[in-house]
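Naming convention: chains lettered A, B, ... in sequence-line order (proteins, then strands); numbering from 1 in each chain.
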2 protein chains.
Amino acid sequence: MKTRPSDASRDDLNQALRSFGIQPSAQRLAIAAFVLRNASHPSAEDVYNAVERALPMLSRATVYNTLNLFVERGLLRELWLAEGKVVFDPKLDRHHHFLDESTGAIHDIPWDALEVAKVEALDGFEVREFQVVLRGTRKPRPSGD
Amino acid sequence: MKTRPSDASRDDLNQALRSFGIQPSAQRLAIAAFVLRNASHPSAEDVYNAVERALPMLSRATVYNTLNLFVERGLLRELWLAEGKVVFDPKLDRHHHFLDESTGAIHDIPWDALEVAKVEALDGFEVREFQVVLRGTRKPRPSGD
DNA sequence: GTTCGTGCAAACGGTTTGCAACAAT
DNA sequence: ATTGTTGCAAACCGTTTGCACGAAC
């Protein structure tokens, strides 16, 4: 059977999961498909709502278990930035985060957009990773929307 | 009656609360006493456990209500750094945070210990505040403990 | 007497867990 | 047959809320 584009991306996902030591399944593929191509920062509930449309039998427990598995295996990162609710981040490369305090939206800030110095000079702390967390509001752009 | 040192600090707390628009009460004073002089980062449960020893009748609801009131009035800040649990920070001046991943401890990093540049240059973002969140482990110091 | 703070217990919302059914190897 | 995944429902845990009591102005 010929491989259609959707099959191809499905195979890619399959590979991606396997390369992280995650045995694929219908549910895991569907969750990965949503989370990985959705560069926003979905909560578990967001994931459930989105994936449940394609997989009506999906249970919340599976979503939680799967997301936790993905985090454990390094496919995702979890962020506890505010609101007492975890969100998941598919971007594995370093970046910072901006929280819009009026909308609650989370925006990625490219790593190179900021410069953080003297981290290595911190005495007594072995820093494995760091990020800048900024809070404020989105500014109306001078021109355009 | 002469003012003993403990009374003096109690009066200070009284003043502190009033200056933030918070009407003092026995419970609020006790909670403020613990949280303000305890520069660590207690959770609501930590506060309850500590203050409950001095005020056995204290209820958790009061602790939560009081902490939320303090945050609302600007006496405290709340941090959601990890673990799905809020912790409270009595330090109102800017500083960064280091999370020890092996102990869960939160350490303050003085503002000037790090340098963050280009924040003002972020296009489209009105930054009200920011901080660096670092993760890793405490390093055994070269000498001493 | 009205306002405000407290304690209690119940409710709440997000997350986890125990377990039985089931799919894959 | 064994291993691993899913769905369901109940449990869990941190937090909030409704309400009645009691203290303070």
Given C/dG14, D/dT17, C/dT17, which nucleotide is nearest the side-chain atoms of A/Tyr64? C/dG14
Proximal nucleotide (of C/dT6, C/dT15, D/dA9) relative to the A/Lys85 side chain: C/dT15
Would you mind reading off the distance between A/Arg60 atom CZ and C/dG13 atom P, rounded to a whole angstrom? 12 Å
Looking only at the side chain of B/Ala44 (C-beta and beyond, no hydrogens), which of the listed nucleotides D/dT15, D/dT5, C/dT6 gets closest? D/dT15
Ion pair check, B/Arg135 and B/Glu101, cut-off under 4.0 Å: no
In terms of the angle between their ring planes, are A/His96 and A/Trp111 parallel, tilted or perpendicular, with boundaries placed at 30° and 60°? parallel
Report the residues that fulfil side-chain contact (heavy atoms from CB on, under 4.5 Å) with B/Val86, sequence neighbours left out, ordered by chain and then residue number. B/Glu78, B/Trp80, B/Phe88
Considering only D/dT6, C/dG7, C/dT15, which nucleotide approaches the side chain of A/Gln27 most closely? D/dT6
Output the rounded distance in Å from CH2 (B/Trp80) to C1' (D/dT15). 13 Å
Atom CD of B/Glu72 and atom P of C/dC4 are separated, to the nearest Å, by 14 Å
Which is true for A/Asn65 with a 4.0 Å heavy-atom rule: it touches a base, it touches only sugar-phosphate, or it touches nothing? base
When rounded to whole Å, the CE to P distance for the pair B/Met57 and D/dC21 reads 15 Å
Give the rounded distance in Å between these two atoms: CD1 of A/Ile22 and P of D/dT5. 10 Å
The side chain of A/Gln23 lies closest to which of these nucleotides: D/dT16, C/dT6, D/dT5? D/dT5
May I have the distance from B/Leu55 (atom CG) to C/dG5 (atom C1'), rounded to whole angstrom? 13 Å
Any side-chain to backbone donor/acceptor pair from B/Arg18 onto B/Pro24? Under 3.5 Å, distance only. no
Closest nucleotide of DNA chain D for B/Val86 versus for A/Ser59: which of these residues is on the 5' side? A/Ser59
Counting heavy atoms from C-beta on, name the nucleotide in D/dT6, C/dG7, C/dT6 closest to the side chain of B/Ser25. C/dT6
When rounded to whole Å, the OH to P distance for the pair B/Tyr48 and D/dT16 reads 17 Å
C/dT6 phosphate, OP1 or OP2: any side-chain N/O from B/Arg28 under 4.0 angstrom? yes
Value in whole Å for how far the C1' atom of D/dC8 lies from CG of A/Leu58: 12 Å
Would a distance-only check, ignoring hydrogens and angles, find a side-chain to backbone donor-acceptor pair under 3.5 Å from B/Arg73 to B/Gly21? yes
